[in-house]
*Asks:* 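Handing you a structure now.
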Amino acid sequence: QVQLVESGGGLVQAGGSLRLSCAASGRIFSINLMGWYRQAPGKQRRELVATITSSGSTNYADSMKGRFTISRDNAKNTVYLQMNSLNAEDTAVYYCNANLRAGGNLRSYEYWGQGTQVTVSS
């Protein structure tokens, strides 16, 4: 069974930084795309934060460019999100996402972590 476990969330003051981690475990054969999404209070949909391919190509939502940095360690099946210059609008539950092949499956499936709360106080 595949699991994505996030860590690193918490309470931070505006202007501060946090680093999120997400480790994938289980009978993983390969991981294609990994990413972070977030759901702000009162919002019904998750929004893209950033994604990263297995070769290291990245994509960011416009509002995160220059402040957030996504990276991954393929050997550890782990993706990171360094968040700097945080503001109150960044308050949300942050979810890890991975598109991967596991077990004996020939195709890839999408998996989600349970989410980690990030709260930025102004």
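Note that the structure is predicted; figures quoted are calculated from it, not measured.
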*Asks:* Suppose the criterion is ring pair (Phe, Tyr, Trp, His ring centres under 6.0 Å): which pairs have a residue in residues 60-83, not counting sequence neighbours?
*Replies:*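 Every candidate ring pair (Phe, Tyr, Trp, His ring centres under 6.0 Å) pair involving residues 60-83 fails, so no pair, neighbours aside, qualifies.
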
*Asks:* Could you tell me if the side chain of Met83 sits less than 4.5 Å from the side chain of Val118, heavy atoms only?
*Replies:*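 They are in side-chain contact.
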
*Asks:* Answer yes if the side chains of Ser54 and Asn32 hold a donor-acceptor pair under 3.5 Å, and no otherwise.
*Replies:*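 No, no side-chain donor-acceptor pair sits under 3.5 Å.
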
*Asks:* Write out all pairs satisfying disulfide (SG to SG under 2.5 Å) with one or both partners inside residues 4-105, taking only residues at least two apart or from two chains.
*Replies:*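 Output for this query lists Cys22-Cys96.
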
*Asks:* Is any side-chain heavy atom of Thr119 closer than 4.5 Å to one of Gln117?
*Replies:*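 The answer is yes; the side chains approach within 4.5 Å.
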
*Asks:* Do the non-hydrogen side-chain atoms of Val49 and Tyr94 ever get within less than 4.5 Å of each other?
*Replies:*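 Val49 reaches Tyr94 side chain to side chain.
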
*Asks:* Do you know the tightest heavy-atom contact between Pro41 and Ala92?
*Replies:*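 For Pro41 and Ala92, the tightest heavy-atom pair comes out as CD-CA, 4.4 Å.
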
*Asks:* With a 3.5 Å cut-off and no angle check, do the side chains of Asn84 and Ser17 form a donor-acceptor pair?
*Replies:*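 The criterion, which ignores hydrogens and geometry beyond distance, is satisfied for Ser17 and Asn84.
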
*Asks:* Does NZ or CZ of Arg46 lie under 6.0 Å from the centre of the six-membered ring of Trp112, at an angle within 45° of the ring axis?
*Replies:*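 Yes.
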
*Asks:* State the CD-CZ distance between Gln1 and Arg27, to the nearest 0.5 angstrom.
*Replies:*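 With rounding to 0.5 Å, CD (Gln1) is 12.5 Å from CZ (Arg27).
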
*Asks:* With salt bridge (charged side-chain N to carboxylate O under 4.0 Å, His left out) as the rule and sequence neighbours excluded, what pairs involving residues 81-105 come up?
*Replies:*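 Listed by first then second residue: Arg38-Asp90, Arg67-Asp90.
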
*Asks:* Does Arg72 use its side chain to pair, donor to acceptor, with the backbone of Thr53 at less than 3.5 Å?
*Replies:*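 Yes.
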
*Asks:* Using the side chain to side chain contact (heavy atoms under 4.5 Å, CB included) criterion, which residues pair with Asn105? Sequence neighbours excluded.
*Replies:*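 For Asn105, the residues satisfying side chain to side chain contact (heavy atoms under 4.5 Å, CB included) (neighbours in sequence not counted) are Tyr109.
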
*Asks:* Is there a side-chain contact between Ile31 and Asn77, using heavy atoms and a 4.5 Å cut-off?
*Replies:*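 In short, these two side chains touch, coming nearer than 4.5 Å.
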
*Asks:* Got a sec, which residues hit side chain to side chain contact (heavy atoms under 4.5 Å, CB included) with Ser121, two or more places apart in sequence or on another chain?
*Replies:*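 With neighbours one apart ignored, the set is Leu11, Gln13.
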
*Asks:* For a quick test of reading the model, state the closest non-hydrogen atom pair linking Val2 to Ala102 and the distance between them.
*Replies:*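 Closest approach of Val2 to Ala102, heavy atoms only: CG2-CB, 3.4 Å.
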
*Asks:* Check whether Gln82 reaches the backbone of Ile70 with its side chain - one donor and one acceptor, N or O, closer than 3.5 Å.
*Replies:*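 Not confirmed, Gln82 side chain does not pair with Ile70 backbone.
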
*Asks:* So which pairs with a foot in residues 23-84 pass disulfide (SG to SG under 2.5 Å), sequence neighbours left out?
*Replies:*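 Not a single pair qualifies under disulfide (SG to SG under 2.5 Å).
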
*Asks:* What's the spacing between Ser25 OG and Leu4 CG if we round to 0.5 Å?
*Replies:*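 So the OG of Ser25 and the CG of Leu4 are separated by 7.5 Å.
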
*Asks:* Using the rule that Ile, Leu, Val, Met, Phe, Trp and Tyr join whenever any side-chain heavy atoms are under 4.5 Å apart, tell me whether Ile28 and Val79 fall into a single cluster.
*Replies:*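 Shared cluster, yes.
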
*Asks:* With a 4.5 Å cut-off on side-chain heavy-atom distances among I, L, V, M, F, W and Y, is there a chain of contacts connecting Leu100 to Tyr37?
*Replies:*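 Leu100 does not cluster with Tyr37.
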
*Asks:* Which heavy atom in Ser122 sits nearest to a heavy atom in Ala14, and how many Å separate them?
*Replies:*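 Taking every non-hydrogen atom into account, CA-CB, 4.2 Å.
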
*Asks:* Would you indicate whether the side-chain heavy atoms of Met64 and Leu48 approach each other to under 4.5 Å?
*Replies:*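 No; the side chains remain at least 4.5 Å from each other.
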
*Asks:* For residues Trp36 and Ser21, report the shortest heavy-atom separation together with the two atoms involved.
*Replies:*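 Looking at all heavy atoms of both residues, the shortest contact is CH2-O, 3.6 Å.
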
*Asks:* So do the side chains of Leu18 and Leu86 get within less than 4.5 Å of each other, counting heavy atoms only?
*Replies:*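 Of all side-chain heavy-atom pairs linking Leu86 with Leu18, at least one is under 4.5 Å.
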
*Asks:* Could you tell me whether the side chain of Thr91 and the main chain of Val120 form a donor-acceptor pair under 3.5 Å?
*Replies:*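 Judged by distance alone, yes, a pair lies under 3.5 Å.
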
*Asks:* Spell out, as yes or no, whether a donor-acceptor pair under 3.5 Å connects the side chain of Glu6 to the backbone of Gly115.
*Replies:*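 Such a contact is found between Glu6 side chain and Gly115 backbone.
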
*Asks:* Measure the spacing between OG1 of Thr58 and CE of Met34 and express it to the nearest 0.5 Å.
*Replies:*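 Between atom OG1 of Thr58 and atom CE of Met34 there are 14.5 Å.
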
